[in-house]
Amino acid sequence: MKVLKFGGTSVGSVKSIRSLKRIVEQTAKQQQVVVVVSALGGITDQLLATAQQALQGDDEWKQQFNEMVDRHHKLIDTIITDNARREELFNTVDALFEQLRSIYFGVYLIHDLSRKTQDAIVSYGERLSSKIVATFIKGAKWYDAREFIKTERKHDKHTLDSQLTYKLVKHTFATLPRISLVPGFISQDKNTNEITNLGRGGSDYTASIIAAALNAEILEIWTDVNGFMTADPKVIKAAYTINELSYIEAMELCNFGAKVVYPPTIYPVCVKNIPIKVKNTFDPDGEGTIIKAQIANDGKPIKGISSIKGTALINVSGLSMVGVIGVNRRIFTALADKGISVFLVSQASSENSTSIGVQEKDAEEAVKVLNEEFAKEIQTGAMFSMKAQKGLATIAIVGENMRHLPGIAAKLFETLGRSGISVIAFAQGSSETNISVVIEAAYLRKALNVLHDSFFLSEYKVLNLFICGIGTVGGKLIEQIRTQYEELKRHSQLKLNVVGIASSKRAIYSRDGIDLNNYREALKESDLSSPSALRDHILNMNIFNSVFVDCTASEEIAALYQTFLEHNISVVAANKIAASSPYNEYLTLKQTAVMRGVKFRYETNVGAGLPIIGTINDLRNSGDKILKIEAVLSGTLNFIFNELSADVPFSETVRRAQAEGYSEPDPRIDLSGKDVIRKLVILTREAGYKAEQKDVEKHLFVPADYFEGSLDDFWKRLPLLDADFDARRKRLEEQGQRWRFVASMEHGHMQVALQAVDRQHPFYNLEGSNNIVLLTTERYKDYPMQIQGYGAGADVTAAGVFANIMSIANI
Ligand code: ADP
Ligand code: ASP
Ligand code: MG
């Protein structure tokens, strides 16, 4: 025979209950089945919430009650087509609801909700659902679980009297009908006959007890997900089904919060060596999980990750504890006497401090108990008074293979550390099948994601991008990501998830990824933002593997990098401000990135998409020394000097450079040499010199006072320079030379100047807005290394930013 348990979602809707019926009838063709059902999904919570409303004298309880009645009525109306059977079921169900209404009314009138009353109320969920399913499946025989699932009171808790229960179960099911139907969760106190229950999630336990008592062939748990998964699929999108688990692994995962199976469920069937199968009611043919004693070794270091929110830590410490025998016994006895369970203990070998993990709801009580237990020691100063640290969460990684594989704990710590998550307490059982860490609850989602990413070769690596700036470069970048998305997913197993987009005024965010087809519309409808709001939002999202991409030219945005890096968010900047800021700030940014194990990349700061910074770094890393840099680094200025002709005066070339999108929005930044100076400083720093903008020797070609007034004034005055430029241009042409605005560095000395180059010079034939860099190094001495190509333009710059993002993904 088999025992099949169906959870709340499996009896919660017409679709699921029909699927349940098919599964049961199919199984019953081969052998007898005992079916255990939970209350309709959500009803247990609603029963409890309604009781609280009644207790508070809130009239809303009636409305809630009616909603529950309605939901059950509608379900019956839809699924039971036979009139007589439906009538009979309505009578049964309405009689139950009448009792329930009376109980609620009593609570409402006398403002009292005892534990006993609450247990009675909450039992109606399963009593109702089981009657409905028993009627829906023709030939099923309904049993009253209270007659054979017996509890007794211990430490203020209802605990199963297994001996009595097993005896009664065997007796009740001495002759098994083809299909038996049992309400899960509910039980009865063996002494007082009060209705009790097995705890939230307890239907799994009911099923396990019956399976064990009757020596079932298998216990099947039917739920709403595809079996036992590597993590809670509601939190970790990449979680996948574990095919096989040992009883021990399942027990560890359940004890640490994998709600898919209620923890006490495992033991009864484990003792009898009855396997558990976890399957999805909504996908009966889908793969599930088998839990049994002996499983094949799949070679994976861990099987799953689970977590408990609402953890509190209590630190029992004091100098007199060292070497004292019995402190731990007293701690645990005192807590056990009050029925407080401890799920994690961490003791440093110095023995002067023991950290105890309890559930947050038990924390105050536990502190009180311990302070009383050690009152004398605290009074003499031998021990410190205890307090609970709340707002924590516990994560456990589980797998029997850990026993044979060294380095798992190191990987756990390394992964969390890289994401800026500190471990507050840590415990590993000597069985080595579970390592648990306590962290701040705010970091739980992030921690689960990074751990899952690092321990399981999930199908995809995910990079979460915040893109700031949607102008020419940002806009193109988003476009490139959109068109490349599927290709990267397919061929590089990389998901580029854009989780935030900010324009200069507004911002949108989505943890699951923004639809890149209509982000501009979404931005228009979003709230106003600011750099500080952007920073706060990104930090609050606390998302794993994230990269901040700056496609603005804003100083305020560049000022956010330091905070982002400190919070383990990588930064890719098209914006040159940070890398050319005072040397100490630049250095701090770089050092922070190294310390935090994240990346600070800004390849497009010089030469747009050309691989200049990366090449300099590669040369240095391989032991070369950069002796000299000569470069034309301004696409704008090169464009201007290439355009200049008898027909096109100087002022007009500047206008064209702006219209074509080569120059900065304010062309004075280019003409004043500021842009080239920034680039030269960045290259000099990358080459290993401590460089500042003020150290650059400048030989400019537009008088300094042109840069002082407004932009309007500048445009008005610019034509005044045309005549002089034209005269100089003529002379230059006669000599067969061309102008290039050259940035150079030799042994740390930097200079920018307008130079006339002749036909033999490598810079002479530099077309359009192209850039060129000559690197003279110890290895490239007689013939410098030459890098040349488009040095400006939104497309190539965006592509350079994209390449930087890819380098962070390590692809
Ligand atoms: P039921 O009503 O069927 O008893 P539960 O809600 O009690 O269902 O348990 C199923 C839920 O457990 C899933 O929907 C899932 O969100 C959660 N869960 C947590 N951890 C895991 C895990 N490791 N594998 C599968 N589900 C998990
Ligand atoms: N209905 C109960 C609960 O929600 C028992 C169960 O679903 O297993 O906790
Ligand atoms: Mg459950």
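Ligands are counted one by one from 1 in listed order, and the atoms in each one are counted from 1 as well.
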Which of the ligand 1 atoms, numbered from 1, are nearer than 4.0 Å to a heavy atom of M229 = 22 (C), 23 (N), 24 (N), 25 (C)
Could you tell me which atoms of ligand 1, counted from 1 in the order shown, lie closer than 4.0 angstrom to a heavy atom of G227?
-> 24 (N), 25 (C)
How about T433 and E400: does a side-chain donor come under 3.5 Å of a side-chain acceptor?
-> no
Atoms of ligand 1 close to K5 [distance to a heavy atom under 4.0 angstrom, numbered from 1] | 4 (O)
Under the 6.0 Å and 45° cation-pi test, does R101 pair with Y104?
-> no
For each nitrogen or oxygen atom of ligand 2, which protein N/O atoms lie closer than 3.5 Å, and how far apart are they, rounded to 0.1 Å?
| from | atom 1 | to | atom 2 | distance (Å) |
| --- | --- | --- | --- | --- |
| ligand 2 | 1 (N) | T44 | OG1 | 2.7 |
| ligand 2 | 1 (N) | E126 | OE2 | 2.7 |
| ligand 2 | 4 (O) | T44 | OG1 | 3.3 |
| ligand 2 | 4 (O) | R200 | NH2 | 3.0 |
| ligand 2 | 7 (O) | S38 | OG | 3.2 |
| ligand 2 | 8 (O) | G201 | O | 3.3 |
| ligand 2 | 8 (O) | G202 | N | 3.4 |
| ligand 2 | 8 (O) | S203 | N | 3.0 |
| ligand 2 | 8 (O) | S203 | OG | 3.1 |
| ligand 2 | 9 (O) | R200 | NE | 2.6 |
| ligand 2 | 9 (O) | R200 | NH2 | 3.4 |
| ligand 2 | 9 (O) | G201 | N | 2.8 |

Provide the number and element of each atom of ligand 1 under 4.0 Å from a heavy atom of D224.
-> 10 (C), 13 (C), 14 (O)
Examine I305 against ligand 1 and note whether any of their N/O atoms are separated by less than 3.5 Å.
-> no
Let me see the working for F173 and F148 under ring pair (Phe, Tyr, Trp, His ring centres under 6.0 Å), right down to the final yes or no.
-> CA-CA 10 Å; F173 296 95; F148 47 84; 5.3 Å; yes
Strictly by modelled atom types, are T117 and S114 linked by a side-chain donor-acceptor pair under 3.5 Å?
-> yes
Donor on one side chain, acceptor on other, N545 and N464, under 3.5 Å = no
Only heavy atoms count here, so choose which of K303, K234, R200 is nearest to atom 14 (O) of ligand 1.
-> K234
Taking non-hydrogen atoms only, is A231 closer than 4.0 angstrom to ligand 1 via side chain, backbone, both or neither?
-> backbone
Would you kindly say whether Y124 and Q99 are connected by a side-chain donor-acceptor distance under 3.5 Å?
-> yes
Could you tell me whether T223 approaches ligand 1 through its side chain, its backbone, both or neither, with non-hydrogen atoms closer than 4.0 Å?
-> both
Taking only heavy atoms of P233, which atoms of ligand 1 are found under 4.0 Å from at least one of them?
-> 25 (C), 26 (N), 27 (C)
Options L245, V278, D232, ranked by nearest heavy atom to atom 17 (C) of ligand 1, top entry = D232
Donor-acceptor pair between T196 and T151 side chains, under 3.5 angstrom | yes
Pair Y267 and Y247, ring centroids less than 6.0 Å apart = no
Distance only, no hydrogens: is a donor on one side chain within 3.5 Å (strictly under) of an acceptor on the other, for H158 and S187?
-> no
Measure the distance from atom 12 (O) of ligand 1 to every protein heavy atom, then report the residue, atom name and distance (to 0.1 Å) of the closest one.
-> V260 N, 3.5 Å
Within 45 degrees of the axis of the six-membered ring of W142 and under 6.0 Å from its centre: does K131 put its NZ or CZ there?
-> yes
Considering the heavy atoms of F228, write down every atom of ligand 1 situated less than 4.0 Å from one of them.
-> 23 (N), 24 (N)
Compute whether any side-chain donor of one residue and acceptor of the other, for S13 and S16, lie under 3.5 angstrom apart.
-> yes
